[in-house]
S.K.: 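Input: one structure, supplied below.
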Amino acid sequence: MKLIPVKEHQAPAFLEGLNPEQTEAVITTNGPVLIIAGAGSGKTRVLTYRIAYLLSKGINPYSILALTFTNKAAGEMKNRIASMVGESIARKVWAGTFHSVFARILRIEAESLGFTNSFSIYDTDDSLSVIRAIMNSLGISIQQFTPQSIRSRISNAKNQMIGWQQYEADAQEIYEKQTALVYKEYDKRLKINNAMDFDDILLNMIKVLQLNPNIKAIYQKKFSFIMVDEYQDTNRAQYLAIQLLAGGHKNICVVGDDAQSIYRWRGADIRNILEFKKDYPDAVTVRLEQNYRSTKTILAAADSVISHNKKQLSKALWTDNPQGDLITVISNRDDRDESDSIMRIIKEEVDLHFTSEKDFAILYRTNAQSLTLEDSLRRAGIAYTIIGGTSFYKRKEIKDTLAYLRLLCNPKDSESLARVINEPPRGIGPTSVKRLQAYAQSMSIDLFAAFEQANIAPDIPKKAIKSALDFTDMVKEFRSKMNDLPADELATLFIEATGLLQSLKDDNSDESLDRWNNIQRLLSHITEMKEKDEAMTLEDYLQYIALISDIDETEFGNNRISLMTLHAAKGLEFPIVFIAGMEKGLFPLGKAEFDQDEEEEERRLFYVGITRAEKKLYLSFAEKRYRFGELVFSEPSKFINEINPDLLEWKAGGLKIPAQQYASTSLKNTNQYRPAHSTFTKNTSPKPFFDDLASSSSDSYSQIEPDAPIMIKSGMNVKHNQFGIGKVQMVSGEGEKKQAVVVFDSVGKKQLLLKYAKLEIV
DNA sequence: TGGCCGAACCTGGTG
DNA sequence: GGTTCGGCCA
């Protein structure tokens, strides 16, 4: 690979705004480069300038590969490149998530692995239902081994590049042995369905490169400059794929920050960044330590938090930015109160200081927290967008519609066929479907082909045969039109023809109407995408949708406040940030109490959250909160106390509801605590204080009386009605949240909430 | 065979 | 709180 000669030895004018380290990171384009980039140190800027710099040297945009973790980060990068070099060049750069870029390549190379180029991509839910079906057919108890845990075991294995053969060979305990059985069958079924799950996209990319030296050579030559963002979060498979692609020229630039490593649970291997120097001994290391994003206060808070982690590389982040406001901690009675407090602050800011809605972000630990927040936002009349929330795509009607479209593109996708065959009901019941599945298996054909042969398959009722044949004829008719009709028209006509829309219309309930509307939204989204990109096929659209989690991308930043999980917030920044649910057991999550590594990861996640804020940071917690539809009492998170108290100010949320007596909580700074609004009522009753509240929230909180804790101690032998006999290893938590770690003879180690587990002492 | 109802699970996060 | 799954009945 020969570089196009540099025309002049002077740097382009756009480099002038960079500091010396950033400049070095931008112009060191040949050979391996490791950029250690602290939070807010202009990492995205460096990456985009680097690409712009390469382009300014005459490098072909198609030969630049930039890999990110989230769609959001990829989109951000593309936008910035576009604003520097123009849309037409920017879109030629291969910038995207690992999954989207690799899926794009696999579409081209699928045949070398025995897939067709219209393979389906299964999301977590799809793969879960395949696993469920497999467990049922293998007679593995769904009660004893939850499909979720089997799925995550398989996924973890894949992320560490362990195939079913090896997994089977290594399986020791019963859980692993059962997983091995499912894993083997799962692999087989996906292959038959011409489908890949998210993990397969990485693994198959590696397979293609490893098995076909000529294909490897093509892509090594094609991508002559490779950049990887968030390198600290790559797993073994991603690491290997990068190494294969960069193997020839070694023009590889990785950017990362060990303090922001938050995907250990998903197989991220911190060694990848720590040992980069070992993999590429001549690598140049650049450290970006000046923070341009946050105030001194916010940076100091982040620093005092992360210093509680034992395992970390030393880093000296500093900033020239002003000191800024104190960090405000808001205490609230409950989750609803918390949401309302946040809304009130946002409204005040918007009304009094003319702040724009797009300047706010609300971050939380778990997706479930968004519900209460959304409710408050709607009542307050504030426009919002949930980033990365999958709610739209998780809707049944959307999944059904997409399954129909997948079936249209990928005839072998038996999973999708089974999903939609009775949506709307067609008189082909589960029994008939099972028989056809058995028939398909015995004849080694896919389910769609079995449907086509329903008349010769055994024991299928006449009515079902007719329905099956009508259905396959209808699908085939549309398949024959695939090349003649534009993607959006094809999709609309096909979905009409399936009767899905009509059945919702006929039902005529509010809910059905809502569903009907959602399907229309999806269909018009296809049209929208088609208008943007004339060449888009239905397969392209399905792939895009499978790998993206947010349909309303255009609404992002369009004068709406943003809601997202802390994980999804990585790489983003906002002037004003709220971190909600700062409670023990929620953030850090309960599991971290037992596990030092887990706690450190949660702390890094908090670090990520804090450093998203530019000007002002709010932390809020609730004394009680609905979780699993039940009210749970909680204490403030220990993380709050890890921030230097000089950086904090305390406020009480809650407007209508009188504040409770806080002295009983474990908070140290009660003297600094000021109720934000006049009525501060002392209340020593352990029961919440409800007076003459008009607020509708009150009745839902009326009966709260935690059960007496069960006297379970470590060392005891106990019996669980599902898992059988086990030994208590550890007990922790109080009252409702009291939990135990029990090692069961049958399924190994389990963490149980005593309130639910109903353990018997034996 | 298909529809309805109650029980059981859930919620740790990303693509 | 919502969703999914299995059992029971028409």
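Remember, it's a predicted structure, so these values are computed and weren't measured experimentally. Lettering follows sequence order; numbering is per chain, from 1.
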S.K.: Starting from P on dG15(B), measure out to CD1 on Ile201(A) and report it in whole angstrom.
M.R.: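 Taking atom P of dG15(B) as the reference, CD1 of Ile201(A) is at 12 Å.
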S.K.: Could you give the CD1-to-P distance, from Ile386(A) to dG13(B), as a whole number of Å?
M.R.: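 That distance rounds to 13 Å.
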S.K.: If each of Arg365(A) and Phe69(A) is mapped to the nucleotide of DNA chain B with the nearest heavy atom, which maps nearer the 5' terminus, i.e. the 5' end?
M.R.: Arg365(A)
S.K.: If only atom types and distance count, is the side chain of Arg419(A) paired as donor or acceptor with the main-chain N or O of Asp126(A) below 3.5 Å?
M.R.: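 Checked: no pair found.
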S.K.: Quick one: does Thr124(A) reach the base of dG15(B) with a side-chain donor-acceptor pair under 3.5 Å?
M.R.: yes
S.K.: Considering every strand and a 4.0 Å limit on heavy-atom distances, what is the contact class for Asn422(A): base, sugar-phosphate, or nothing?
M.R.: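 No contact at all - Asn422(A) keeps every heavy atom at 4.0 Å or more from the nucleic acid.
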S.K.: Under 4.0 Å, heavy atoms only, any strand: does Leu128(A) hit a base, just the sugar-phosphate, or nothing?
M.R.: nothing
S.K.: Quick check against the 3.5 Å criterion: does Asn422(A) have a side-chain atom that pairs as donor or acceptor with the backbone of Ile428(A)?
M.R.: yes
S.K.: Side-chain contact test, heavy atoms from C-beta onward, threshold under 4.5 Å: evaluate it for Ile150(A) versus Tyr183(A) and give yes or no.
M.R.: no
S.K.: Would you find more than 12 non-hydrogen atoms of other residues, nucleotides or ligands less than 6.0 Å from Lys399(A) atom NZ?
M.R.: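 Yes - once you tally the heavy atoms of other residues, nucleotides and ligands closer than 6.0 Å, there are more than 12.
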S.K.: I'd like to know if Arg627(A) reaches the base of dT11(B) with its side chain, counting only an N/O donor and acceptor under 3.5 Å.
M.R.: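 Under the 3.5 Å cut-off, the side chain and the base do not form any donor-acceptor pair.
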S.K.: Where the side chain of Phe198(A) is concerned, which of dG15(B), dT11(B), dT14(B) is the nearest nucleotide?
M.R.: dG15(B)
S.K.: Between dG15(B), dG13(B), dT11(B), spot the one nearest the side chain of His99(A), thanks.
M.R.: dG15(B)
S.K.: Is it the case that the side chains of Asp197(A) and Tyr186(A) hold a donor-acceptor pair, with the cut-off being a distance below 3.5 Å and no angle test?
M.R.: yes
S.K.: Please give me the minimum heavy-atom distance between Arg264(A) and Glu598(A), naming the atom from each residue.
M.R.: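 Minimum heavy-atom contact is NH2-OE1, 3.3 Å.
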S.K.: Just N and O in the side chain of Thr565(A): are any of them under 4.0 Å from OP1 or OP2 of dT14(B)?
M.R.: yes
S.K.: Could you state the CE-P distance from Met135(A) to dC9(B), rounded to the nearest angstrom?
M.R.: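 Atom CE in Met135(A) sits about 13 Å away from atom P in dC9(B).
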S.K.: Of the candidate nucleotides dT11(B), dT14(B), dG13(B), which contains the atom at the shortest distance from the side chain of Thr366(A)?
M.R.: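 Nearest to the side-chain atoms of Thr366(A), counting from C-beta on, is dG13(B).
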S.K.: Which nucleotide wins on minimum distance to the side chain of Pro461(A), given the candidates dT11(B), dT1(B), dG15(B)?
M.R.: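 In terms of side-chain proximity for Pro461(A), the closest of dT11(B), dT1(B), dG15(B) is dT1(B).
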S.K.: Starting at atom CZ of Arg515(A), determine the distance to atom C1' of dT3(C), rounded to an integer number of angstrom.
M.R.: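 Atom CZ in Arg515(A) sits about 11 Å away from atom C1' in dT3(C).
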S.K.: Rounded to whole angstrom units, what separation is found between the CZ atom of Arg151(A) and the C1' atom of dC10(B)?
M.R.: 15 Å
S.K.: Side chain of Ser432(A), heavy atoms from C-beta onward: which of dT14(B), dC10(B), dT1(B) has the nearest atom to it?
M.R.: dT1(B)
S.K.: Tell me whether the ring of Tyr626(A) lies stacked over the dG1(C) base, given a 5.5 Å limit on centroids and a 30° limit on the plane angle.
M.R.: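 No; by the centre-distance and plane-angle rule, Tyr626(A) does not count as stacking on dG1(C).
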S.K.: Between Arg625(A) and dT11(B), is there a side-chain N or O to OP1/OP2 distance below 4.0 Å?
M.R.: no
S.K.: Should the side chain of Trp265(A) and the base of dG13(B) be counted as holding a donor-acceptor pair, with the cut-off at 3.5 Å?
M.R.: yes
S.K.: Measure from CG on Asp126(A) to P on dG15(B) and round the result to the nearest Å.
M.R.: 16 Å
S.K.: How long is the line joining CD1 of Ile465(A) and C1' of dT1(B), in whole Å?
M.R.: 15 Å
S.K.: Name the nucleic acid region contacted by Glu602(A), choosing base, sugar-phosphate or nothing; use a 4.0 angstrom heavy-atom cut-off, strictly under.
M.R.: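 Since a base atom lies under 4.0 Å of Glu602(A), the category is base.
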S.K.: What is the distance, to the nearest angstrom, from the NE2 atom on His567(A) to the C1' atom on dT11(B)?
M.R.: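 Those two atoms, NE2 and C1', are 14 Å apart.
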S.K.: Between Arg132(A) and dC5(C), is there a side-chain N or O to OP1/OP2 distance below 4.0 Å?
M.R.: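 For dC5(C), OP1 or OP2 has a side-chain N or O of Arg132(A) closer than 4.0 Å.
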S.K.: How is Glu598(A) classified with respect to the nucleic acid when contacts are heavy atoms under 4.0 Å: base, sugar-phosphate, or nothing?
M.R.: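 Base contact.
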S.K.: Does dG13(B) have OP1 or OP2 under 4.0 Å away from a side-chain N or O of Asn367(A)?
M.R.: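 Answer is yes, contact under 4.0 Å.
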